[in-house]
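Working notes, beginning with the structure itself.
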Amino acid sequence: MDLRILAFLLPLFLPSALFVSTTAFNPDTSHYLNCGSAPDIVITTDVPSRNFTDDSPFLSGSDKHPSLSNPSVAASSSSSLYSTARVFTSSASYRFTINTHGTFVLRLHFFPFSGNGYNLSSARFGVKALQRFVLLEDFSTPISTAPTIKEYFLWVDSDELDVTFVPSSSSPLAFVNAVEVFTAPANLINNEDAQLDIAQLSRQALETVHRINVGGPRVNDSLWRTWIADDEYLINEVASLANRTDPDKITYQPNESDDVAPRTVYSTARTMNISSSLRANANFDFNVTWSFPVVAGYKYLVRTHFCDFISPAINNDISFDLYVGNLRVQEIQASNRVNFLAQAFYIDYDLEVRSSGAINISIGRDVARTTQWNANAMLNGLEIFKVNNTFGSLNGTSNLLSNSSNGVPIAAIVGTAVGGVLLVSLLIIFVMVFIRKRRRSKPLPLLPNESWSPFRETPRGNSVGRSSKSTEGTALAASLRVNLGLYIPLLDIKTATNDFDESLVVGSGGFGRVYRGVLADGTKIAVKRAMPGSKQGYPEFQTEILVLSGIRHRHLVSLIGYCDEQSERILVYEYMEKGTLRNYLYGSDKPCLSWKQRLEICIGAARGLHYLHTGYSHTIIHRDIKSTNILLDENYLAKVSDFGLSKLGPSFGETHVTTGVKGTFGYFDPEYFKTQKLTDKSDVYSFGVMLFEVLCARPVIDRSLSMEQLNLAEWALHWQRRGQLEKIIDQRLVGKINTNSLRKFGETAEKCVAEYGIDRPAFADILWNLEYALQLHVTELKREPHEDSGAVESQISVAAMRDVDSVSLNFDEANDRSRMARQGQSDLMASTVFSQLVTDEGR
Ligand SMILES: *[C@@H]1O[C@H](CO)[C@@H](O)[C@H](O)[C@H]1NC(C)=O
Ligand SMILES: *[C@@H]1O[C@H](CO)[C@@H](O)[C@H](O)[C@H]1NC(C)=O
Ligand SMILES: *[C@@H]1O[C@H](CO)[C@@H](O)[C@H](O)[C@H]1NC(C)=O
Ligand SMILES: *[C@@H]1O[C@H](CO)[C@@H](O)[C@H](O)[C@H]1NC(C)=O
Ligand SMILES: *[C@@H]1O[C@H](CO)[C@@H](O)[C@H](O)[C@H]1NC(C)=O
Ligand SMILES: *[C@@H]1O[C@H](CO)[C@@H](O)[C@H](O)[C@H]1NC(C)=O
Ligand SMILES: *[C@@H]1O[C@H](CO)[C@@H](O)[C@H](O)[C@H]1NC(C)=O
Ligand SMILES: *[C@@H]1O[C@H](CO)[C@@H](O)[C@H](O)[C@H]1NC(C)=O
Ligand SMILES: *[C@@H]1O[C@H](CO)[C@@H](O)[C@H](O)[C@H]1NC(C)=O
Ligand SMILES: *[C@@H]1O[C@H](CO)[C@@H](O)[C@H](O)[C@H]1NC(C)=O
């Protein structure tokens, strides 16, 4: 994976991306029915045009179902579709022959009127489709001067699509003014690349409940969808600005078109109203929030549309937080997803709305990662779809589908009651998108030929390496020199460590020694000094600087600076007071960590890794996750360290990086070992092993044990699969872990060490599960002993599941940071400096 080649190739992609022409959507199968009327109607405002024809060929026994004309709507007007209606006093079905199976759009138009003794406003009826789905139950049209249009997405794998109108017994009258049935564009509804909790999303029945052109006016598109303005849903209008660009500037990704959403939607957006006084305050923090009414008791698919036309450049683009239903689900950044400014993308989320009547969507500054200058947030469009419930219904729980009318099933009553008990019970599934696209806009400088002898591929301690590709690491190293702001003169380091005083050594390993020190400004530091001829190579040195200088995160150990003078190679880190996680698990006399502390540490580490995988411009794969690489500060806050082996993950549509296998025995991914294909899921595997290590407090490979116990991952899996993981946990925790919490934890670890990477969860998912395990545990602690354990889950409020990653540090550019560190003027530093790095004694 050579970035220079990519950068060179980029311009070649540009023209094709800019001149993608959009061919008008032309459905395979389409039927547009003007119900109750023989003359065809071509709606003049339609682009492309639709020809609404007589409905009787699709309605068996149409003569039994009267047609009705609305005297007050002229047949020649633009709303001529609503000048007639088909009226049903008994059940009746429209039947459409289907040639190609797939997702179909079904639209029903209702505009009641009176005439001929029928008062359509008083009609009450149900609508079902495909004998599988209830679309409407006991429906009566709302009183409105505009027609009611219902839109559904249905998967059709039979040769016929039937739509049945069933008058209710209370007022046995049904009607419809127009029906549209047409093939949806392929992949419009699919969840293959998003990890939604709705299995087989495209096979469910969906109903469109909101379709919003954020920051723009009402527009119609080529699928005859109407996107409405967002004003009425916006909670605090002064918090946002409506921004727009020329629609012609909008491009789509090579594989996408305006079928997803038109340029008119992507060319308008809402951004944050950041006044100059707010801008001047580095810590400004507020949200732009919309609130969309929905019916509780369903899962919803939330599709967020983005198109960054406000950033100055794609490699200097805004990054922001999105909250769906009050949960922070993702840091959004265009450069992580598309190749150009003003290129459209969308992200799907699902959530279950159990008791509240609204879905709130917010965008806000990414406090963790942006400086004041590039802080902003935007949203261009939004769609919310309701997903059918387990009764196959989009509207209620009565079983309109079967003829037995025994009322509401018990399960529904129980379900509703439980739903009512929950405070705010939204279930969010974190979504991770695997395909991350990003490239650099300017070619990287070539790596100067260093005078160093490159120390290649020497196994470190019990780490293994069996690659000898000499180019590895050079792409990263290429821009090393750019980060000169991190440079610390050797003299300063010598002063800080009392000229490398032996008494200040806090660790040593294959790389060299680690000294404790204090910079002139009082900053406590850990100084990692390579001994001449040390076993850790120059590429690792470069990688570490490059990775750590580019990213800042509360759960990643901070690099304060580096030095490569006079054949010294030195890395200077924040000081992590408590040392490695492993020291607190076994093999030392450190105090025993409680289950809560252990969970918090795992969550912290998972957060750091989640950020590493998704937060930076590239996926960064750590490759050496283990308990000795998780360091703890004075408050036991976990930070991931040692990035010497980390790699830029796959980019530009690749799914993996081929590389020599590196890592540590006992932790590393067997799949990676076999295939040499590195993905972010290799880190997940190692993390899973570490989870077991944290639970069982024993080495991951313990040669003093019997063959079957030797490898912790195998041994733990053996017990986990029997549901008896508690048999091998740390003796000191026996009886001190909530059973549900342990079960959740065991399941999570088990998933992480799944044989195939594809079956392993992403860190977002792991985080969610670990937080859940933590909540199960702490909720248990607070409960009265006599309470029924079944109540635990319902006590978990959404606050508990919320992403609690309130990043307290607010870093500027790395350069500024190290300058400030040395000048001692940064209050931001204060919370991190009194911590220490201790190296892995195993190396
Ligand atoms: C509409 O479709 C019908 C039947 O498919 C056809 O006979 C008619 O000419 C069409 N009308 C227009 C205006 O295209
Ligand atoms: C039709 O029914 C609606 C509601 O049932 C009622 O408000 C309206 O007055 C009725 N219209 C006529 C013309 O009877
Ligand atoms: C969009 O289509 C609707 C009918 O579906 C029509 O009433 C409306 O005028 C159209 N709006 C625009 C902006 O074309
Ligand atoms: C933006 O916020 C300022 C106050 O901070 C307010 O005066 C202004 O009207 C807002 N702009 C919009 C478009 O709402
Ligand atoms: C967004 O629009 C406002 C006016 O509504 C304008 O002042 C502001 O500069 C625009 N922001 C960007 C980033 O284009
Ligand atoms: C879209 O991408 C998929 C695989 O990524 C490919 O199979 C398909 O042909 C592409 N479609 C178009 C229209 O380019
Ligand atoms: C933004 O909204 C989210 C979700 O409602 C909330 O958790 C967060 O505290 C809000 N941020 C601010 C600054 O209001
Ligand atoms: C949505 O936000 C509004 C305003 O902040 C708040 O009153 C309401 O409770 C929120 N609804 C949900 C479901 O969080
Ligand atoms: C939707 O209905 C189908 C039955 O037609 C059912 O199999 C499926 O589980 C339902 N979806 C959900 C999310 O409950
Ligand atoms: C059924 O649909 C009607 C009309 O769209 C809506 O008002 C009602 O809340 C829905 N009920 C349920 C349970 O989905």
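Counting starts at 1 for both ligands and their atoms, in listed order. What you see is a predicted model; the values in this text were computed from it and never measured. Starting from 1, each residue takes its place in the sequence as its number.
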Contact partition for Thr289 relative to ligand 8, non-hydrogen atoms under 4.0 Å: neither

Do me a favour and list the nearest non-hydrogen protein atom to atom 13 (C) of ligand 2 with residue, atom name and distance? Ser114 OG, 3.5 Å

Just do the ring pair (Phe, Tyr, Trp, His ring centres under 6.0 Å) check on Tyr118 and Phe175 with the steps written out, would you? CA-CA 10 Å; Tyr118 296 105; Phe175 76 100; over 10 Å; no

Polar contact flag, side-chain donor to acceptor under 3.5 angstrom, Ser168-Ser170: no

With heavy atoms of Ser121 as the reference, note each atom of ligand 2 found under 4.0 Å away. 1 (C), 2 (O), 3 (C)

Which option out of Asn273, Leu241, Asn243 puts a heavy atom nearest to atom 10 (C) of ligand 5? Asn243

For the 3.5 Å polar cut-off, considering only N or O atoms, please tell me whether Asn376 and ligand 5 meet it. no

of all protein heavy atoms, closest to atom 1 (C) of ligand 2 is Asn119 ND2, 1.5 Å

Where the closest heavy atom to atom 12 (C) of ligand 8 is concerned, which of Ile359, Asn360, Ile235, Val294 has it? Asn360

Indicate the ring-plane relationship of Tyr300 and Tyr298, choosing parallel, tilted or perpendicular according to the 30° and 60° boundaries. perpendicular

Pull out every atom of ligand 5 sitting under 4.0 Å from any heavy atom of Ile310, numbered as shown with elements. 13 (C)

Take Glu151 and Arg211 through the test salt bridge (charged side-chain N to carboxylate O under 4.0 Å, His left out) and record every step on the way to the result. CA-CA 11 Å; Glu151 180 185 276; Arg211 180 170 283 140; 2.7 Å; yes

Check the pair Asn70 / Tyr82 against side chain to side chain donor-acceptor pair (under 3.5 Å), numbers first and verdict last. CA-CA 8 Å; Asn70 184 352; Tyr82 307 111; over 6 Å; no

Please find out if less than 6.0 Å separates the ring center of Trp290 from that of His210. no

Under 4.0 Å from a heavy atom of Ala242: which atoms of ligand 5 are those, numbered in the order shown and with their elements? 2 (O), 5 (O)

Check whether the side chains of Asn360 and Thr289 place a donor and an acceptor atom closer than 3.5 Å, and report yes or no. no

What protein heavy atom sits nearest atom 5 (O) of ligand 2, and how far away is it? Ser122 CB, 3.7 Å

Any protein heavy atom < 4.0 Å from atom 7 (O) of ligand 5: no

Against heavy atoms of Ala358, which atoms of ligand 8 measure under 4.0 Å? 13 (C)

With heavy atoms of Ser356 as the reference, note each atom of ligand 8 found under 4.0 Å away. 13 (C)

Passes ring pair (Phe, Tyr, Trp, His ring centres under 6.0 Å), Phe110 versus Phe125? Steps please. CA-CA 12 Å; Phe110 303 104; Phe125 55 95; 5.7 Å; yes

Would you kindly check if the NZ (Lys) or CZ (Arg) of Arg303 is within the cone defined by 45 degrees around the ring axis of Phe385 and under 6.0 Å from the six-membered ring centre? no

